[in-house]
Amino acid sequence: MLGSPKDVARVCQSLLAADDEIDQDKERFYVFHLDSRKAIKLVELISLGTLDSALIEPREVFVRAVGERTASIIISHNHPSGNMEPSEADLIVTQRLQKAGEILGIEILDHIIFDKYNHISFKEKGLIT
């Protein structure tokens, strides 16, 4: 079971560190699939983008969640720049995904932005309910 946004960030930072060094400067978007007890069922890489963007579509985020009967998800992506502040695009995609999740009955518990050393939580910042 996940204990905190820091736990999610640590998993993502470990995944990032395990990647090829050249790809570490690219944005990547992960989905943590959780069961009804909030235990991780799987972690899925949805998108490997460029230096400052990643393509995120609700259908890609939720297709496996529906098939796996995921109860809730946590979304996470990195900012290779090291700037932990959510961009306008980050806020918009989070809102779109929340709406899609509401329709599907799959709650988004948090959105974590991370880099090699730091992270922020949308939930802790009051940006996700």
Side-chain angles (χ1 to χ4, degrees):
M1 184 152 81
L2 291 174
S4 70
K6 188 174 189 174
D7 294 337
V8 174
R10 281 188 187 143
V11 170
C12 292
Q13 289 161 340
S14 294
L15 292 169
L16 178 65
D19 262 345
D20 187 298
E21 195 170 321
I22 291 173
D23 285 336
Q24 289 183 12
D25 285 339
K26 295 178 181 176
E27 275 201 20
R28 55 201 13 87
F29 191 94
Y30 295 103
V31 175
F32 286 70
H33 298 255
L34 309 176
D35 66 18
S36 59
R37 294 178 313 251
K38 309 275 190 289
I40 298 174
K41 293 174 70 169
L42 65 102
V43 179
E44 179 182 17
L45 176 64
I46 297 295
S47 178
L48 178 60
T50 64
L51 182 63
D52 59 0
S53 69
L55 181 60
I56 309 303
E57 289 293 332
R59 69 179 161 267
E60 301 301 325
V61 171
F62 289 102
V63 69
R64 192 155 182 195
V66 170
E68 296 285 337
R69 301 203 185 288
T70 298
S72 57
I73 63 173
I74 295 173
I75 55 177
S76 181
H77 80 282
N78 67 316
H79 277 184
S81 68
N83 178 358
M84 293 294 98
E85 285 303 309
S87 68
E88 185 66 27
D90 294 337
L91 297 171
I92 290 168
V93 77
T94 302
Q95 290 171 351
R96 284 186 71 211
L97 293 174
Q98 278 187 287
K99 288 178 185 175
E102 287 172 15
I103 291 167
L104 295 169
I106 301 172
E107 181 182 8
I108 297 179
L109 300 178
D110 205 347
H111 184 166
I112 309 295
I113 296 176
F114 70 96
D115 68 6
K116 291 180 181 179
Y117 310 105
N118 302 299
H119 75 279
I120 65 115
S121 158
F122 278 46
K123 187 166 191 153
E124 289 178 347
K125 289 179 103 25
L127 299 173
I128 199 168
T129 54

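Note that the structure is predicted; figures quoted are calculated from it, not measured.
- One hydrophobic cluster, built from ILVMFWY side chains closer than 4.5 Å, cannot hold both Leu42 and Phe32; they sit in different ones.
- Residues satisfying the salt bridge (Lys or Arg N to Asp or Glu O under 4.0 Å) test with Glu60, not counting sequence neighbours, are none.
- Between Asp19 and Lys26 there is no salt bridge, since no side-chain nitrogen of the basic residue lies less than 4.0 Å from a carboxylate oxygen of the acidic one.
- The backbone N or O of Arg37 sits less than 3.5 Å from a side-chain atom of Asp35, completing a donor-acceptor pair.
- Taken to the nearest 0.5 Å, the OH atom of Tyr30 stands 6.5 Å off from the SG atom of Cys12.
- Remark: Ser72 engages no residue in a side-chain hydrogen bond (donor to acceptor under 3.5 Å, both in side chains) (not counting sequence neighbours).
- For NZ of Lys123, the number of neighbouring non-hydrogen atoms (other residues, nucleotides, ligands) closer than 6.0 Å is 12 at most.
- Residues forming a side-chain hydrogen bond (donor to acceptor under 3.5 Å, both in side chains) with Asp90 (at least two apart in sequence, or on another chain): His77, His79, Ser87.
- Considering every non-hydrogen atom in both Glu124 and Pro5, the closest pair reads OE2-CG, 3.5 Å.
- In this structure the side chain of Glu27 reaches within 4.5 angstrom of the side chain of Pro80, judged on heavy atoms.
- Among residue pairs with one or both ends in residues 111-122, none qualify as salt bridge (charged side-chain N to carboxylate O under 4.0 Å, His left out); sequence neighbours excluded.
- Between Leu109 and Lys38, the closest side-chain pair of non-hydrogen atoms falls below 4.5 Å.
- Each salt bridge (charged side-chain N to carboxylate O under 4.0 Å, His left out) pair with one or both residues in residues 64-77, not counting sequence neighbours, appears once here: Arg64-Glu68.
- Not a single side-chain hydrogen bond (donor to acceptor under 3.5 Å, both in side chains) links Asn83 to another residue, sequence neighbours left out.
- Here the CG-CG distance, from Asp25 to Leu16, works out to 9.0 Å after rounding to the nearest 0.5 Å.
- For the pair Asp110 (side chain) and Ser121 (backbone), a donor-acceptor distance under 3.5 Å is absent.
- With sequence neighbours excluded, the residues forming a salt bridge (Lys or Arg N to Asp or Glu O under 4.0 Å) with Glu85 are Lys125, listed by chain and number.
- Listed by first and then second residue, the side-chain hydrogen bond (donor to acceptor under 3.5 Å, both in side chains) pairs that reach into residues 92-106 are Thr94-His111, sequence neighbours excluded.
- For Arg10, the side-chain contact (heavy atoms from CB on, under 4.5 Å) partners are Lys6, Asp7, Gln13, not counting sequence neighbours.
- Listed by first and then second residue, the salt bridge (charged side-chain N to carboxylate O under 4.0 Å, His left out) pairs that reach into residues 73-82 come to none, sequence neighbours excluded.
- Side-chain contacts under 4.5 Å among hydrophobic residues (ILVMFWY), followed directly or transitively, place Phe29 together with Val31, Ile46, Ile56, Val61, Phe62, Val66, Ile73, Ile75, Met84, Leu91, Val93, Leu97, Leu104, Ile106, Ile108, Ile113, Ile120, Phe122, Leu127, Ile128.
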